Amino acid sequence: QVQLVESGGGLVQAGGSLRLSCAASGRTASAYTIGWFRQAPGKEREIVAVISWTHSSPRYADSVKGRFTISRDNAKNTVYLQMNSLKPEDTAVYSCAARSGSGTSSDPGDYAYWGQGTQVTVSS
């Protein structure tokens, strides 16, 4: 069992930056692959970035490549999403999710544990 708590969302102007944090608790939390997903009103949930517990081969959605960076600190059981050059179309509820193993799946259905989500709003 893994519990996830996101923080760091808020309101920012276009071109600005935010850093989201996903704090994981529970036994062997550091052994899980963590993904960041987002869902905008009226749209389906989509992958933003994912990183395995080995830190290898983080994956990004094409829409955020070069602007967002995912990282993790296993000693702190925390995964970060640094978001730079934010655009209004990045506005969404951002959630982190965990799955066992090292596979960096982009399918939300492959993730068993979810945080409550944090709102990110980018104004133009």
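In this text, all values refer to a predicted model and were calculated from it rather than measured experimentally.
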Look at the side-chain heavy atoms of Ile, Leu, Val, Met, Phe, Trp and Tyr, link any pair under 4.5 Å apart, and say whether Tyr113 and Ile34 land in one connected group. yes
Test salt bridge (charged side-chain N to carboxylate O under 4.0 Å, His left out) applied to Lys65 - qualifying residues, sequence neighbours left out: Asp62
List the atom pairs, donor and acceptor, that lie under 3.5 Å between side-chain atoms in residues 15-23 and the rest of the protein, sequence neighbours left out.
{"unit_1": "Ser17", "atom_1": "OG", "unit_2": "Asn84", "atom_2": "OD1", "d": "2.9"}

Ring-plane angle category for Tyr111 and Phe37, please: parallel below 30°, perpendicular beyond 60°, tilted otherwise. perpendicular
So, for Gln3 and Gln1, which heavy atoms are closest and what is the spacing to 0.1 Å? NE2-CG, 3.1 Å
Between Tyr94 and Phe68, how do the two ring planes meet: parallel, tilted or perpendicular, split at 30° and 60°? tilted
Closest heavy-atom contact between Val120 and Gly9? CG2-CA, 4.2 Å
Residues in salt bridge (charged side-chain N to carboxylate O under 4.0 Å, His left out) contact with Arg38, at least two apart in sequence or another chain: Glu46, Asp90
Heavy-atom nearest pair, Ser105 first then Asp110, reads OG-OD2, 2.6 Å
Mind checking the CD-OG spacing from Gln13 to Ser124? Nearest 0.5 Å is all I need. 9.5 Å
Check whether Tyr60 reaches the backbone of Ile70 with its side chain - one donor and one acceptor, N or O, closer than 3.5 Å. yes
Any idea which heavy atoms bring Ala92 and Ala40 closest together, and the distance? CB-N, 3.8 Å
Mark yes when over 12 heavy atoms from residues, nucleotides or ligands other than Gln116 sit less than 6.0 Å from its CD; otherwise mark no. yes
Closest non-hydrogen atom pair, Ala24 against Val2: CB-CG1, 4.2 Å
Is there side-chain contact between Tyr80 and Thr69, with at least one heavy-atom pair below 4.5 Å? no
For a side-chain contact (heavy atoms from CB on, under 4.5 Å) check, start with the C-alpha distance between Gln119 and Thr121, then their side-chain angles and the critical distance, and finish with the verdict. CA-CA 6 Å; Gln119 177 69 45; Thr121 303; 3.3 Å; yes
Shortest non-hydrogen contact from Trp114 toward Pro108: CZ2-O, 3.5 Å
Which is it for Glu6 and Trp36 under the side-chain contact (heavy atoms from CB on, under 4.5 Å) test, yes or no, and what are the steps along the way? CA-CA 10 Å; Glu6 303 96 336; Trp36 280 101; 3.8 Å; yes
ILVMFWY network linking Leu86 to Val93, side-chain heavy atoms under 4.5 angstrom: no
Judged by atom type as modelled, is there a donor-acceptor pair below 3.5 Å linking the side chain of Arg59 to the main-chain atoms of Thr104? yes
